[in-house]
Amino acid sequence: MNETQALVQQFTEKTMAEAIFKLRDITWLKAKGYDRLRQQFTHSHILLVVTGGRGRLRLENEEYQLRQDAIYVCPPMLTFGIVPDSADHLEMYMLRFDVFMETKDRHRRFQALREKDLFPFRGEISVQSAGQLPVYCDLIQNLWKQETALERFRGQHTFQELWYHIVKHAHFSATDAGMALEQARAHMEEHYSENVTIEQLARIAEVSPKYFVDLFKKTYGISAMDYLAELRISRAKQMMVQSHAKLRDIAHQVGYNDEFYFSRKFKKAVGVSPTLYMKSRQRKIAAYGSTIIGHLLALKMIPYAAPLHPKWTAYYHHSYRNDIPVHLSAFRINQNWKANIETLRDAMPDVIIGLDETSLEEQEQLNEIAPTLYVPFEERGWKEQLQLMADFLGESVEANHWLCEYEKKVKRARTKLQQVLGDETVLIVRVLKNQIFVHCNRSMNEVFFQDLQVKPAFVSKQKEYDQLVTAQELAALAPDRLLLLVCQEAETLACFQALKASGPWQEIEAVRNNRAHVITSDPWREYSATAHERIVEESVKLFSGDRPC
């Protein structure tokens with residue numbers, strides 16, 4: 001019995017009779033491969049019940065292939081996102097809920113069960129008789145829509161029955177196909193340096209080799225051998241940050257007897273030779289902030305330590321999490337800075353680069369770890385920030401080259417946008433809960449409106465603004481295009497859905513003409529060289545065809 005099974009058994013036998021499950025909301029989702037539920041933060045528990053199609057769930061740093069014979073639970077205060085398979089419609093119920101239990105003290109208060117040892121359901125749980133789950137969800141949703149409180153109360157009662165069914169039929173057998181595949185994948189991750197064969201993996205999964213090949217590719221979207229190659233390259237990258245590492249030794253340690261064959265595989269996967277990659281990683285540079293990551297990448301330097309998270313630094317997490325050995329917390333902009341300091345003490349970087357906005361207490365402790373540069377954030381523009389960092393690292397030539405290439409890219413993009421937009425005006429709108437703001441931050445002003453010369457629908461004396469407006473006031477501004485920055489959390493997303501269905505919103509000219517485009521915080525709210533290059537690229541993609549919200 002593993003830890004999760006033990007906790008579930010303890011919850012079932014000792015806690016569940018006292019627990020109260022409170023349904024907050026139920027939504028039926030249907031999406032194709034190009035519709036994704038972006039990584040979002042949740043204050044409540046999330047229960048996902050798949051009713052059709054296939055896709056993947058990312059729960060913080062964990063990823064699950066969605067199946068109809070399992071349920072998926074995301075605990076509160078974490079992030080989750082969903083990507084459907086491109087060839088399939090993905091259909092599922094998403095239920096938001098809380099779990100409470102009465103305390104034993106004299107005050108007899110209700111306590112939310114949020115810790116793993118109190119409410120152990122997290123991630124994927126296989127369920128026998130899973131065919132009953134959609135039946136419960138259909139009934140709950142129907143009752144939830146009723147106007148009478150009594151019927152909605154019955155919906156809460158049915159939600160309790162749903163959880164009774166889940167807990168009663170929770171299935172942890174290793175013979176389950178999904179669990180068996182996970183065991184095979186875990187074997188690859190532990191024994192990647194050995195001669196792993198399809199026959200071995202098929203025996204672990206207890207299926208035929210031919211069926212294993214098909215099932216692995218269908219489940220994970222990649223062949224087993226390609227997945228093994230990715231594992232080996234990823235481990236090799238981690239070893240290459242060691243100054244004493246030798247290419248021949250690294251090749252052998254990740255499962256390649258021929259270092260020249262390894263070099264060819266590495267260059268094909270990464271784009272540069274192992275020698276050049278190792279040279280670029282000789283210095284252990286710690287990026288103390290996502291802005292610093294964006295500047296370092298423009299200098300063709302991958303940090304040794306940096307804040308990474310699938311929501312808060314989505315692009316860097318997706319693209320570089322296997323290249324950056326030391327992951328700092330990126331939760332809510334350095335909220336966990338003390339833990340980050342301790343992580344850096346253990347990592348012993350050669351240099352640290354942060355922003356001058358870093359608190360004095362943090363600066364004092366960072367200065368004890370390694371030589372540190374604090375880049376002026378408000379006083380200097382992003383190009384000056386890039387050049388300051390380049391001077392500090394001895395990469396001035398690379399910075400000048402990157403800036404020249406950026407200007408060329410901007411010029412090409414500006415020409416394309418002028419051809420598409422002409423005299424059309426664009427308005428950037430931020431949505432938070434039930435409030436609407438006409439919005440422009442530093443990056444939007446300098447890159448979108450100045451470099452690309454896009455015509456704003458709202459003119460202000462201030463370069464940066466965040467002005468509260470109504471849907472009627474937006475309609476009066478009459479923008480030809482809307483860019484919508486919608487906070488990815490439950491309350492805002494629900495309010496945004498209601499807003500889009502409202503009459504005043506439908507009166508906005510850009511909405512009527514199907515010219516409203518959703519943009520993401522990453523890169524539009526990051527002030528760095530790489531983020532701005534991506535804003536330029538994304539702007540061209542946004543306006544080259546309709547991508548309505």
To the nearest 0.5 Å, tell me how far Glu194 CD sits from Leu228 CG.
10.5 Å
Aromatic rings His169 and His165: how do their planes relate, parallel, tilted or perpendicular, breaks at 30° and 60°?
tilted
Does Gln39 reach the main-chain N or O of Arg58 with its side chain, forming a donor-acceptor pair under 3.5 Å?
yes
If you measure from the Lys or Arg side-chain nitrogens to the Asp or Glu carboxylate oxygens, is any gap between Arg122 and Glu62 under 4.0 Å?
yes
With no hydrogens and no angle check, is any side-chain donor or acceptor of Arg96 less than 3.5 Å from a backbone partner on Asp25?
no
Between the OG atom in Ser521 and the NZ atom in Lys311, the distance rounded to the nearest 0.5 Å is 6.0 Å
Okay, side chain of Thr492, backbone of Gln488: is any donor-acceptor separation there less than 3.5 Å?
no
Run the salt-bridge test on Arg345 and Glu342 with the 4.0 Å N-O cut-off and return the result as yes or no.
yes
Nearest 0.5 Å, what's the CG-CD distance between Leu78 and Glu60?
4.5 Å
Take the angle between the ring planes of Phe159 and Trp163 and call it parallel below 30°, perpendicular above 60°, tilted in between.
perpendicular
Can you tell me if CZ on Arg154 sees more than 12 non-hydrogen neighbours from other groups inside 6.0 Å?
no
Separation of Asn340 CG from His327 NE2 (nearest 0.5 Å)
12.5 Å
Any side-chain donor-acceptor pair under 3.5 Å between Glu526 and Tyr315?
no
Keeping the roles fixed (side chain from Glu18, backbone from Glu102), state whether a donor-acceptor pair exists under 3.5 Å.
no
Under the 3.5 angstrom rule, does the side chain of Tyr72 hit a backbone N or O of Gln65 as a donor-acceptor pair?
yes
Lys/Arg N to Asp/Glu carboxylate O, Asp98 vs Lys22, below 4.0 Å:
no
Counting distance only, does the side-chain N/O of Arg430 pair as donor-acceptor with the main-chain N or O of Leu484 below 3.5 Å?
no
With salt bridge (Lys or Arg N to Asp or Glu O under 4.0 Å) as the test, would you mind laying out the steps for Arg534 and Asp522 before giving the verdict?
CA-CA 9 Å; Arg534 290 168 54 223; Asp522 181 1; 3.0 Å; yes
Going by distance alone, is a donor N or O of one side chain under 3.5 Å from an acceptor N or O of the other, for Tyr192 and Glu230?
no
Among Leu297, Leu296, Ile293, side chain to side chain contact (heavy atoms under 4.5 Å, CB included) partner for Thr530:
Leu297
Between the side chains of Trp524 and Glu538, is a donor N or O closer than 3.5 angstrom to an acceptor N or O?
yes
Do side-chain atoms of Gln506 reach the backbone of Lys500 as a donor and acceptor pair under 3.5 angstrom?
yes
Passing option when Met92 is tested against Leu57, Leu37, Leu48 for side chain to side chain contact (heavy atoms under 4.5 Å, CB included)
Leu48
Residue pair Glu489 / Thr42, side-chain donor-acceptor N/O under 3.5 Å
no
Rounded to the nearest 0.5 angstrom, the CD-CE distance for Gln160 and Met16 is 8.0 Å
Counting distance only, does the side-chain N/O of Arg38 pair as donor-acceptor with the main-chain N or O of Gly81 below 3.5 Å?
no
Could you give the distance from CG (Leu499) to CD1 (Ile436), rounded to the nearest 0.5 Å?
4.5 Å
Hey, does the side chain of Glu91 reach the backbone of Gly53 with a donor-acceptor pair shorter than 3.5 angstrom?
no
Are any of the side-chain heavy atoms of Gln111 and Leu118 separated by less than 4.5 Å?
yes
Taking atom types as modelled and ignoring hydrogens, do the side chains of Thr148 and Glu151 form a donor-acceptor contact shorter than 3.5 angstrom?
no
